[in-house]
Amino acid sequence: MVSGKAIVMDGKRLAEEIKETVAAGVRELGNFGIEVGLALLLVGDNPASKQYFLATKKAARKVGVTIYEYVLPEHASMGEILNIVNSVNRDEQISGVLPLMPFPARLDTRRVVNAISPGKDVDGLGAISIGRLQADEPTFFIPCTPFGVIRLLDHYGINIRGKNAVVVGKSLAVGKPLANMLLAREATVTVCHRQTGDLAFFTRAADIICSAAGVKDLIGGPMIKEGAAVVDIGINVLADGGIVGDVDFGSVRGRAGYLTPVPGGVGPVTIAMLLENTLKSAKRSASP
Ligand code: NAD
């Protein structure tokens, strides 16, 4: 890997490329009178969920995907939410469903995600999609954020096979599926989390570091092996409304070979992967 000042991985640009391909696919289906529809399910007032809702709507509009909005108040019941999921599952106009996380804490999020038909689970987080990914079986959809991370690494020609990879964070949405995907590509993978005693011990030996902890400045320059690829998945909102990742960009940039910025790194690619998955779903239901 290249050493010295890191190459900044431009997620925004990669996302634009992916979205252009998606837009072409949507137009192609449109020629046959087929619409591509995505349902967004927003419950309550969480600012992160709302922000993702708006960003997805904007990106979908640009590529010609029709958004079906289901916006419920903070006090919505499980029954109301599951009714919506069931009706969307039956709606032939809708190719995918995205519940915007986090939901209000009192709700059983996994029950909602698992109620989505696997053929419309475009975020790939239902038990069937996750289980198939883990079993190395063909799955309908790969979870968008880890899928985006792998796409970024591939786009920049970063070799995964045989490399030491550290994933920081073990959530079902990001850390676990990403670790699996890196393992499937034959990296030697270490998963670190909040109980990991000496994080730097692991990161210093890593060729690839992917951090999804949601902790500002968790990864600093001295924790990085010279020339490593560092992917910052974390999103931390500052008091002034600004957004930073988990990585101290300034100090890591001097040692890493490749580095993603926040914003403009993994975030836009995640949305592009969601739209790509939605198109894939529409194509599957359109084919005889
Ligand atoms: P989560 O809260 O479910 O998981 C966080 C993980 O980080 C946990 O496994 C925890 O053990 C670990 N962790 C916390 N503090 C740590 C520490 N000090 N040292 C080591 N590990 C630590 O969160 P999540 O849903 O996986 O999201 C993680 C981050 O990624 C958040 O900032 C979230 O906003 C962001 N995110 C970004 C995207 C994107 O598209 N860019 C998508 C999803 C999540």
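Here, residue 1 is the first one in the sequence, and each next residue gets the next number. All ligand and atom numbering here is 1-based and tracks the order in the structure.
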Could you go through the salt bridge (charged side-chain N to carboxylate O under 4.0 Å, His left out) check for E16 and R13 one step at a time?
CA-CA 5 Å; E16 287 309 320; R13 203 161 105 203; over 6 Å; no
State which residues pass side chain to side chain donor-acceptor pair (under 3.5 Å) with T21; sequence neighbours excluded, sorted by chain then number.
none
Between ligand 1 and the protein, tabulate every N or O atom pair separated by less than 3.5 Å, reporting distance only.
{"unit_1": "ligand 1", "atom_1": "9 (O)", "unit_2": "K170", "atom_2": "N", "d": "2.8"}
{"unit_1": "ligand 1", "atom_1": "11 (O)", "unit_2": "R194", "atom_2": "N", "d": "3.0"}
{"unit_1": "ligand 1", "atom_1": "21 (N)", "unit_2": "H193", "atom_2": "O", "d": "3.4"}
{"unit_1": "ligand 1", "atom_1": "21 (N)", "unit_2": "R194", "atom_2": "N", "d": "3.3"}
{"unit_1": "ligand 1", "atom_1": "26 (O)", "unit_2": "S171", "atom_2": "OG", "d": "2.5"}
{"unit_1": "ligand 1", "atom_1": "32 (O)", "unit_2": "I235", "atom_2": "N", "d": "2.9"}
{"unit_1": "ligand 1", "atom_1": "32 (O)", "unit_2": "I235", "atom_2": "O", "d": "3.1"}
{"unit_1": "ligand 1", "atom_1": "40 (O)", "unit_2": "T270", "atom_2": "OG1", "d": "2.9"}
{"unit_1": "ligand 1", "atom_1": "41 (N)", "unit_2": "I233", "atom_2": "O", "d": "3.4"}

Any side-chain donor paired with an acceptor under 3.5 Å for S211 and D246?
yes
In plain terms, say whether K57 and E69 are close enough for a salt bridge, that is, a side-chain N and a carboxylate O under 4.0 Å apart.
yes
The test is salt bridge (charged side-chain N to carboxylate O under 4.0 Å, His left out); show your working for D154 and R185 and say whether it passes.
CA-CA 11 Å; D154 285 345; R185 295 279 294 268; 2.8 Å; yes
Checking the side chain of N277 only, and the main-chain atoms of S281 only, is there a donor and an acceptor separated by less than 3.5 Å?
no
